[in-house]
Participant: 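Sharing a structure here in structure tokens format.
None of these values were measured; they are calculated from a predicted model.
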Amino acid sequence: MEISGLVIAYNEEKNIGKCIDALFRICDEVIVIDSLSADNTVKIAEEKGARVISQAFLGDGPQRIHGLQYCKNDWILNLDADEILAEDAENFILSGKYKNESFDVFTFRLYNYLGRKKIDFAGWYPDKTARFFNKKTASPSKDRVHQKVSGNHKAHLKVHIHHYAWDSFEQFISKKNLYSTWHAQQLYDQGKRVSGFKPVLNGTVSFVRCYFFKKGFLNGLDGFTFSMMQASFSYMKYAKLIKLQKNNN
């Protein structure tokens, strides 16, 4: 099919092979934008038939935008290296129905995993993400973290991507800490300024939403833990933003 698979990767030797294999069931080319990995990511990707472009990490959105120039097709299936299309999403694309629609951006739902455990509670599902779009009229945003895809018409599909995001709580916490730093810097660069109440307020609201309104309490200790994780991420990004405000006054 005339679809380009576009993957951004960094030290993903564990996942990159499976991601590329799945993409080649749908795409006629796979482009990997590698952020100077120190493991076997590049070697595995090339052995699987992907074209690898080395590029120091520019940020989530800019890294994806950078990769578009290497894609020969208009339709782009843009995944992270730790993401694999579920059967329902694969069937939708293989059906070719997207060609008969007026939409140029399609969002999928994420199944997030911690190790082998699917995290589909406490606000973690449905976690929507735009991964399939026509580059003639749509493009990722320039946001460094939590980029979005903007186009003329967006369709929200009830099909899925398996996201094998974290192997352990330690990795989960480490990644969330890094993302909160990036997010705080992004908010600061955008001119966002907040008061000292913002971290506590947002952290509290996040916990209440995930644990009570998103029914995390129905999942015992796991529900409480992941609600706390979400609250912590919300708290930290604004606490770090306030630190940036003070340091740059």
Participant: Could you please spell out the steps behind the side chain to side chain donor-acceptor pair (under 3.5 Å) verdict for Asn78 and Arg64?
Facilitator: CA-CA 8 Å; Asn78 178 207; Arg64 299 175 197 273; 3.1 Å; yes
Participant: Walk me through whether Ser102 and His153 qualify under side chain to side chain donor-acceptor pair (under 3.5 Å).
Facilitator: CA-CA 7 Å; Ser102 60; His153 298 93; 5.1 Å; no
Participant: How about Asp60 and Asp143: do any of their side-chain heavy atoms sit closer than 4.5 Å?
Facilitator: no
Participant: Using a strict cut-off of less than 4.0 Å between a Lys/Arg side-chain nitrogen and an Asp/Glu carboxylate oxygen, indicate whether Arg131 and Asp80 qualify as a salt bridge.
Facilitator: yes
Participant: Could you tell me whether the side chain of Ser232 and the main chain of Met228 form a donor-acceptor pair under 3.5 Å?
Facilitator: no
Participant: Are the side chain of Lys192 and the backbone of Leu241 linked by a donor-acceptor contact shorter than 3.5 Å?
Facilitator: no
Participant: Under a 4.0 Å N-O cut-off, is there an ion pair linking Asp39 with Lys14?
Facilitator: no
Participant: State whether the number of non-hydrogen atoms from other residues, nucleotides or ligands found under 6.0 Å of Tyr235 atom OH is greater than 12.
Facilitator: no
Participant: Please report whether the ring centroid of His162 lies less than 6.0 Å from that of Phe108.
Facilitator: no
Participant: Using 4.0 Å as the upper bound for N to carboxylate O, is an ion pair formed by Lys48 and Asp21?
Facilitator: yes
Participant: Is any side-chain N of the basic residue among Glu47 and Lys43 closer than 4.0 Å to the acidic one's carboxylate O?
Facilitator: yes
Participant: Does the Ser141 side chain pair with the main chain of Lys148, one donor and one acceptor, at a distance under 3.5 Å?
Facilitator: yes
Participant: Are Phe106 and Phe92 an aromatic pair by the rule of ring centers under 6.0 Å?
Facilitator: yes
Participant: Step by step, work out the salt bridge (Lys or Arg N to Asp or Glu O under 4.0 Å) result for Glu46 and Arg51.
Facilitator: CA-CA 6 Å; Glu46 290 177 340; Arg51 180 186 178 190; over 6 Å; no
Participant: Using a 6.0 Å cut-off, check whether atom NZ of Lys246 has over 12 heavy atoms from anything other than its own residue.
Facilitator: no
Participant: Taking the side chain as every heavy atom from C-beta outward, state whether Lys240 and Leu244 have any atom pair closer than 4.5 Å.
Facilitator: no
Participant: Does the Lys NZ or Arg CZ of Arg193 fall within the cation-pi geometry relative to Tyr188 - under 6.0 Å from the ring centre and within 45° of the axis?
Facilitator: yes
Participant: Salt bridge or not between Asp88 and Lys158? Use side-chain N to carboxylate O under 4.0 Å.
Facilitator: no
Participant: Can you confirm whether His146 sits close enough to His183 that some side-chain heavy atom of one is under 4.5 Å from a side-chain heavy atom of the other?
Facilitator: yes
Participant: When you measure from the side chain of Gln186 to the backbone N and O of Val145, does any donor-acceptor pair fall under 3.5 Å?
Facilitator: yes
Participant: Looking at Trp124, Phe121, Tyr125, which one forms a ring pair (Phe, Tyr, Trp, His ring centres under 6.0 Å) with Tyr111?
Facilitator: Tyr125
Participant: Would you indicate whether the side-chain heavy atoms of Asp74 and Ile3 approach each other to under 4.5 Å?
Facilitator: no
